[in-house]
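Heads up, the thing below is written out as structure tokens.
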Number of protein chains: 2
Amino acid sequence: MFSIGALAKRTGTKVQTIRYYEQIGLMPEAGRTAGGQRRYAASDLDRLSFIRHARQLGFGLEAIRELLDLADRPGQSCSDADSIARRQLKQVAERIARLQALQTELERMISECAGGLVADCRVLEVLRDHSECLTNHEEIGG
Amino acid sequence: MFSIGALAKRTGTKVQTIRYYEQIGLMPEAGRTAGGQRRYAASDLDRLSFIRHARQLGFGLEAIRELLDLADRPGQSCSDADSIARRQLKQVAERIARLQALQTELERMISECAGGLVADCRVLEVLRDHSECLTNHEEIGG
DNA sequence: CACAAATCTACATATACTGTAGCTTTAACA
DNA sequence: TGTTAAAGCTACAGTATATGTAGATTTGTG
């Protein structure tokens, strides 16, 4: 049994974030001491680790909720989990592509901005001038 | 002169988002028709294009505000704009690295999840099991 | 037992939008 | 010119994912 602070440290999560996860039902309601402080067991550490890893992998909280629900009912097919992962992979690949285009553009912007005046500064022009645009015009994924 | 809907279409922005930008002072207050509808000029299209490009490039609204302020005062040194761009480039490179680690892990997860049962499903195990973790444990950038 | 550190609740704030309700304006067509 | 559907208006609430703060209480340690 350990405190919320210990759990926070072990998982690299803010204390408030753990309480937030409890509030939205992603973490179960923790047991309490006589004085009302939360105490956690190893299973809570596992669950929170799962959540944090999934967050780092770009899963949204709803996708994580789905995965946890699946994990809570073992013995069922994992095709659902697989399809969630595939969905995420697709998004991740798209984000990488977009960021790489972005990286190129920023590098070009910086290399062309050689300490001149704003009026001549490519940093602003590249973003202002449509014809020089290298990125597509889709929304950034929510 | 064109309507907010036309501006939205040309820039790939939601109408509400344009109004939101006006509200937070990122876009100037638009001129109005006698009936109170907003009407935009080419300069507004330029400005919004600038904002949307910058957003796609990963700039936060405050960074964009800084850049626009610089652009509104031409003739000054662009070293500030340059440093903003460099800051962004650093973040972008980090995001790409993190996403690539993430991509590898998702691919592994999917390849190892061959339609089995959840109890055996690596999708869940990889996320649950700390020892198999390939990613670092930093926060996802805010 | 004293006391600092950690925790508690409740609420506010942040970022960047998105959605809805209910009413008004515009523009196109007959 | 009259009608009417589409688009626009304001105001407010909601979303996702947390983070920050205030002020009171609990815990663990010397």
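Labels below follow one simple rule: chain letters A, B, ... track the order of the sequence lines, proteins then strands, and each chain is numbered from 1.
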dT19(D) phosphate, OP1 or OP2, under 4.0 Å from T17(A) side-chain N/O: yes
Rounded to 10 degrees, the angle between the two terminal axes of the helix from dC1(C)-dG30(D) to dA30(C)-dT1(D), each from five pairs: 10°
Check: protein-nucleotides 23-30 of chain D nitrogen or oxygen pairs below 3.5 Å:
from: dT27(D); atom 1: OP1; to: T33(A); atom 2: OG1; distance (Å): 2.7
from: dT27(D); atom 1: OP1; to: G35(A); atom 2: N; distance (Å): 3.1

Interatomic distance where CZ belongs to F2(B) and C1' belongs to dA27(C) [whole Å]: 18 Å
Distance, rounded to the nearest Å, where Y40(B) contributes OH and dA7(D) contributes P: 16 Å
Donor-acceptor pair between Y40(A) and R47(A) side chains, under 3.5 angstrom: no
Spacing of I18(A) atom CD1 relative to dT7(C) atom P, expressed in whole Å: 9 Å
Sugar-phosphate, base or nothing in reach of L61(A), heavy atoms under 4.0 Å: sugar-phosphate
Atom-pair distance (CD on E22(B); C1' on dC9(D)), nearest Å: 12 Å
E22(A) side chain reached by R38(A) side chain, heavy atoms, under 4.5 Å: yes
Euclidean distance, atom CG of residue L7(B) to atom P of dA7(D) [Å, nearest integer]: 15 Å
Test item: T33(B) and M1(B) side chains (from C-beta on) under 4.5 Å apart, heavy atoms: no
Sidechain-backbone polar pair: T17(A) side chain, T13(A) backbone, donor-acceptor under 3.5 Å: no
Distance below 4.0 Å between S3(A) side-chain N/O and dA6(C) OP1 or OP2: no
Under 3.5 Å donor-acceptor, T11(B) side chain and L7(B) backbone: yes
5′-ward residue of the pair R19(B)/E62(B) relative to DNA chain C: E62(B)
Cation-pi, F2(B) ring and R10(B) (6.0 angstrom, 45 degrees): yes
Working for side chain to side chain contact (heavy atoms under 4.5 Å, CB included), residues I4(A) and Q37(A): CA-CA 8 Å; I4(A) 195 169; Q37(A) 295 193 359; over 6 Å; no
Atom-pair distance (NZ on K14(A); P on dA14(C)), nearest Å: 16 Å
Closest contact, heavy atoms only, M27(A) versus D44(A): CE-O, 3.6 Å
Interatomic distance where CD1 belongs to I4(B) and C1' belongs to dT25(C) [whole Å]: 14 Å
Interatomic distance where OH belongs to Y20(A) and C1' belongs to dA12(C) [whole Å]: 15 Å
Under 3.5 Å: donor-acceptor pair, side chain of T104(A), backbone of Q100(A): yes
Phosphate OP1/OP2 of dA16(C) contacted by Y21(B) side-chain N/O (<4.0 Å): no
Along DNA chain C (nearest heavy atom to each residue), the more 5'-positioned of R38(A) and Q23(A): R38(A)
Residues which pass side-chain contact (heavy atoms from CB on, under 4.5 Å) with Q23(A), listed by chain and number, not counting sequence neighbours: none
Side-chain N or O of R32(A) closer than 4.0 Å to phosphate OP1/OP2 of dT7(C): no
